[in-house]
Amino acid sequence: MADEWIRIAAPATTSNIGAGFDIFGLALKEPFDIIEGRRIESGIVISEVSGPGSESIPTDPEQNSVSIAAAEVLRRCEAEFGIEIRIRKGIRPCSGIGSSGASAAGGAFLAHILCGEKLDPREVVLCAAHAEDVTSGGFHADNVAPCVLGGFTVIRSYEPFEVISIQPPESLGIVVAMPDVMVPTRESRAVLPKEVPIKDMVFHLGNAACMVYGMQTGDLGLIGRSVKDAVFEPARTCLVPHLKEAEAAALSHGAIASFLGGSGPCIISFYDKSSHQGETIAESIVKIYAENDMKCETWITEPGSGCRRI
Ligand code: HSE
C-alpha cells in the first residue's frame, strides 16, 4: 500500500517576544518548511531531507522532529499504517525562528491529515511539543503552538495544557535578520538563570499583559512598548555577536521594537507597515554585520497562518 503524497507548509515562528518566555509565539508568513508524506504499510521512513542546514538533520526517525511528532499522532489515533516523509527545510536549524518547531508541527500536522483529522488542533500542538522536548532539551510549545494554530498565541498553562490564538494587527510588519552564527536552543537555555527576582517578575507581568491587550486591540504603540525582557535576552546577549548594535540600528530606522527571536540568533524587528519600510530596517542591520565581516540574511514578512496543505 502506498498512497498519494500530500504536502504541508510549516511556517517559521518567533517566540518569547520580550516578556513572554516559553509563553508567547507568533507565526510568520515567511520563511517556511515543506513536509511531504504518504501512507505506507508500516513504520516511519524519512526518504529525503534537503534545504539549508539539512546536512545536520538526523534521518533516523527516532531522532528527527518531523517523525517523532508524526509518530505521536499515529499513536494517539491508533493508526494502522506508517508514513514515508520528505523534508524540505526553508528554515535553517539553530536560527531562533522555530526551525525544529516547524519540523515538529509540520510532522504532527501531516500525520493528523493522513489520519483523517481526528485530533483537536490543540492535541496536534501537544504531539509537536513532545518532539520539541526530545530534540531541544525542554518541553516548550511556544513555537509549535503558533506554527499549528497561526497568529499570535499565548500558552495560559502547560498542565493542563491551554493555549489561545489571537489575530495580530493587519499593520504589523516584521523584519527577520539572521546573522551567520548558529545558536543551538539547548545551549541557549543552558545560560539562563535558575531564579528570577520578584522585581523582574513584576516587570514581565506588566509587559506581558499589555502585549496581549495590544495584539487583541491592534495597538501597535503598546505592542512596541511592551517588548521588554529583563531576564532572558540579557543572559543570552553573549551568544549573538553585535545583537545590541543591530537592535539599535533597527530602532533608529523606524522599528517600534527589536529583540532576540526565541533562543537566537535571529533578530526580530516590528514596524508599522502603514508608515515605514521593512527594507530600510533590514538594510540597517545587514550593514552592521557587513561592517563586522559577517553575513546576515533577512526576510521582510508579516504575521501568518499556521500549518496548511499546499
Ligand atoms: N522559548 C524558547 C527559548 C524558544 O527561548 O528557549 C526556543 O526556540
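We count ligands from 1, going down the list as the structure has it; atoms in each ligand are counted the same way. Below, each value reflects all heavy atoms present in this structure, side chains not excepted, and no hydrogens, waters or symmetry copies.
- Not a single heavy atom of Glu233 sits under 4.0 Å from any atom of ligand 1.
- Shown in contact with Arg236 at under 4.0 Å from a heavy atom are these atoms of ligand 1, numbered in order with element: 3 (C), 5 (O), 6 (O).
- Below 4.0 Å from some heavy atom of Thr185 lie the following atoms of ligand 1, by number and element: 7 (C).
- Side-chain atoms of Ile285 and Thr298, non-hydrogen and from C-beta on, never get closer than 4.5 Å to each other.
- Protein heavy atom in closest approach to atom 7 (C) of ligand 1: His140 CE1, 3.6 Å.
- Counting only heavy atoms from C-beta outward, the side chains of Phe270 and Leu172 approach each other to under 4.5 Å.
- The nearest protein atom to atom 8 (O) of ligand 1, hydrogens excluded, is given as Asn143 OD1, 3.1 Å; this is a heavy-atom distance.
- Once rounded to the nearest 0.5 Å, the distance linking CG of Leu28 with CD of Glu302 reads 10.0 Å.
- Side-chain polar atoms of Arg86 and Ser47 form no donor-acceptor pair below 3.5 angstrom.
- The number of heavy-atom neighbours closer than 6.0 Å to NZ of Lys287, taken from other residues, nucleotides and ligands shown, is 12 or below.
- Only the side chain of Phe21 comes within contact range of ligand 1, with a heavy atom under 4.0 Å; no backbone atom does.
- For ligand 1, the atoms sitting less than 4.0 Å from at least one non-hydrogen atom of Asn16 are 1 (N), 3 (C), 5 (O), numbered in the order shown with element in parentheses.
- For Glu78, the CD atom counts as loosely surrounded, since its 6.0 Å shell holds 12 or fewer non-hydrogen atoms of other residues, nucleotides or ligands.
- For atom 3 (C) of ligand 1, the nearest non-hydrogen atom of the protein is Arg189 NH1, 3.3 Å.
- Other residues, nucleotides and ligands place no more than 12 heavy atoms under 6.0 Å from the NZ atom of Lys29.
- The nearest heavy-atom contact from the protein to atom 4 (C) of ligand 1 is Ser15 OG, 3.5 Å.
- Close contacts between ligand 1 and Asp22 involve ligand atoms 1 (N), 2 (C), 3 (C) [criterion: under 4.0 Å to a heavy atom].
- Summarising the local packing, CD of Glu291 is surrounded by more than 12 heavy atoms from other residues, nucleotides or ligands at distances under 6.0 Å.
- When non-hydrogen atoms are compared, ligand 1 lies under 4.0 Å from neither the backbone nor the side chain of Arg186.
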